[in-house]
Amino acid sequence: MALRVYNTLTGEKELFVPLTPGKVGMYVCGVTVYDYCHIGHARAGVVFDIIFRYLNYAGYDVTYVRNYTDIDDKIINRANQEGTDYRTVADRYIQAFDEDMARLGLARPTVEPKATDHIGGIIAIIEALIAKGHAYVSEGDVYYAVETFPDYLKLSGRNLEDMQAGARVEVGDKKRHPMDFALWKGSKPGEPWWQSPWGEGRPGWHIECSAMSMEFLGKTFDIHGGGKDLVFPHHENEIAQSEAANGCQFVRYWLHNGFVNINAEKMSKSLGNFFTIREVLQQYDPETLRFFILSAHYRSPIDFSDQNLEEAQSGLERMYACLAALDDLLNREPLAVDSALPGGLSPVALELQERLSQFRHRFVEAMDDDFNAAQALGILFETVRIVNRFLAEAGDVTPFSRSLLAQARDLFTETGGVLGLFTTAPALWLERIKAGKACRIDMSPEEIEGLIAERVEARRAKNFKRGDEIRDLLLAKGIQLLDSSQGTTWNVK
RNA sequence: GGCGCGUUAUCCAAGAGGCUAGGAGCCGGUCUGCAAAACCGUUAACGUCGGUUCGAAUCCGACACGCGCCUCCA
């Protein structure tokens, strides 16, 4: 099997063939830095993170570019509101973005360019477009003339007439066609500006991505990604700019991730139904959020809700608990005698051996099918079950069973590396989850320990009534007692 | 209005002509003084109506419902 990806441009899954064998150039639209990132940004970040990781895993030498758009109307507006300058606003939210993405465990892209560091490249493309008759100057602004580019709207599969039918496009005097868009905007007093052949001004939205992708990846490159909402107008306009300026294909494979929904509706600023990443991370572990995102295919919509996050956490806990059990066992000394001759293996051991031998192949098959992480997680879960079964049956550890379990552990580490999971020592992670939940109760650990001690006494005296009373009392406060042969511990439900 | 996507069991969610997806839950078991937790086992589904086919969740058509883009958006 080979990697197949869904290409928005053709509307089909296609065999992935890079421009240069063994190498991949990938550009993903980052963010406009004027506010904190929300869960939608988290999804886009995580989705393209695992695409990046998987391409690396598959042996490609990947150049991954993810930009910051650090000059834009919204940034200027924000700066004006605060009585500061655009640079202060942009730098603040670049830093916030970096913090959020780091917490989500994203690998750093190869390059993370800023639009304002590429004004020269931007101006060069605009000049080329004007020279070729695709753009025109109008009162200090420069506009792209969409009618000069026959392929316009090929990505979103529309045509100019349909777009205008129900369109809410203002017909400005400055534009020749209502769909024309700004490449360069003349600056008003007090606004940031750069010197250009058309006077003082700043780039429009879209052109920065054409400039930065060309700078780092060339005129034609393999993968361009972003959220579905960028298909029109952003990516459509990028195509128009780059292909008209360079006279060659811009991007070979267009990949777009689906939205994050709240109650089956798109999360968006205008609807006011969004959660920032930092808000959510106050309540949920970052890896839980990542796991939640990976539990659905990247192109499908995903519904953000407490129930779904709780379920994600349960699932991830199940995996981590298995890993913790594995680690625990692997840290023990195996028996010297190797009783388990292959012919004498138990059915469970045989099944585990069989599963492990297929594991990598099945994982790759899932990921090769348009990065189907949800299916890959299913394979991990199946392996967890068989490992648990083996663990429950295995008495003493023999060198042979130990090698099987070590193999399982290595496979989890390997595939976890692709999915960005299992980055924490399992016992530590489980402990952290427990501690996080403990913050929600209104009882001190001392009080709890005191009651547990009383209950131990009562049970020793066969006063089960009192013992159960204490148990119920604690449970009512969300504290769950865990009795074991080693004694009683507790956690928060 | 134009263009596109989706509908899988109680819930979340893969799959895309014949092959156990998976998770959470329910139920049963192991454990326990009884429970809980943990682990194991188990259950059930393809929106409606037609069509193609030996065979349809899967392909085709119609319909219903939901959603998205067409304004800034990941």
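Convention: sequence-line order gives letters A, B, ...; per-chain numbering from 1.
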Novice: Looking only at atom P, what distance separates B:C5 and B:A9, rounded to whole Å?
Specialist: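 Straight-line distance between the two P atoms is 22 Å.
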Novice: Rounded to the nearest Å, what distance is computed from the OH atom of residue A:Tyr320 to the P atom of nucleotide B:G23?
Specialist: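 Taking OH of A:Tyr320 and P of B:G23, I get 19 Å after rounding.
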Novice: May I have the distance from A:Arg455 (atom CZ) to B:A36 (atom C1'), rounded to whole angstrom?
Specialist: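 To the nearest whole Å, that distance equals 9 Å.
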Novice: Would you kindly give the CG-to-P distance between A:Asp328 and B:A38, to the nearest whole Å?
Specialist: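 To the nearest whole Å, that distance equals 17 Å.
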Novice: Compute both the distance and the angle, then confirm whether A:Lys228 meets the cation-pi test with A:Phe259: under 6.0 Å from the six-membered ring centre, within 45 degrees of the axis.
Specialist: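 A:Lys228 over A:Phe259 ring: no.
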Novice: Would you please name every residue forming a side-chain contact (heavy atoms from CB on, under 4.5 Å) with A:Val348, sequence neighbours left out?
Specialist: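 For A:Val348 the side-chain contact (heavy atoms from CB on, under 4.5 Å) partners, ignoring immediate neighbours, are A:Ser346, A:Ile386, A:Arg389, A:Phe390, A:Glu393.
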Novice: Round to the nearest Å and state the distance from A:Arg385 atom CZ to B:G23 atom P.
Specialist: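 That distance rounds to 5 Å.
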Novice: Who passes ring-ring contact (aromatic ring centres under 6.0 Å, His included) against A:Phe232, sequence neighbours left out?
Specialist: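 Not a single residue meets the ring-ring contact (aromatic ring centres under 6.0 Å, His included) criterion with A:Phe232.
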Novice: Can you sort out the partners of A:Phe422 under ring-ring contact (aromatic ring centres under 6.0 Å, His included), two or more places apart, ordered by chain and number?
Specialist: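 Testing A:Phe422 for ring-ring contact (aromatic ring centres under 6.0 Å, His included), a comparison that skips the adjacent residues, returns A:Tyr320.
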Novice: Just the rounded figure in Å: distance from C1' of B:A14 to CG of A:Asn372.
Specialist: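 Value for this atom pair: 6 Å.
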Novice: What are the residues of residues 223-237 of chain A, sorted by number, that bring a heavy atom to within less than 4.0 Å of RNA chain B?
Specialist: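 The answer is A:Gly226, A:Gly227, A:Asp229, A:Leu230, A:Phe232, A:Pro233.
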Novice: Expressed as a whole number of angstroms, how long is the span from A:Leu309:CG to B:C12:P?
Specialist: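 The answer, rounded to whole Å, is 15 Å.
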Novice: Let's test your reading of the pairing rules: Watson-Crick or G-U wobble, both distances under 3.5 Å, then write RNA chain B as a dot-bracket string with ( ), [ ], | and dots.
Specialist: (((((((..(((.....[...)))..((((.......)))).....(((((..]....))))))))))))....
Novice: Can you name the salt bridge (charged side-chain N to carboxylate O under 4.0 Å, His left out) partners of A:Arg466, sequence neighbours left out?
Specialist: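 By the salt bridge (charged side-chain N to carboxylate O under 4.0 Å, His left out) rule, A:Arg466 matches A:Glu454, A:Glu469.
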Novice: For B:A57 and B:C46, measure between their C1' atoms and round to the nearest Å.
Specialist: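 Roughly 4 Å separates the two C1' atoms.
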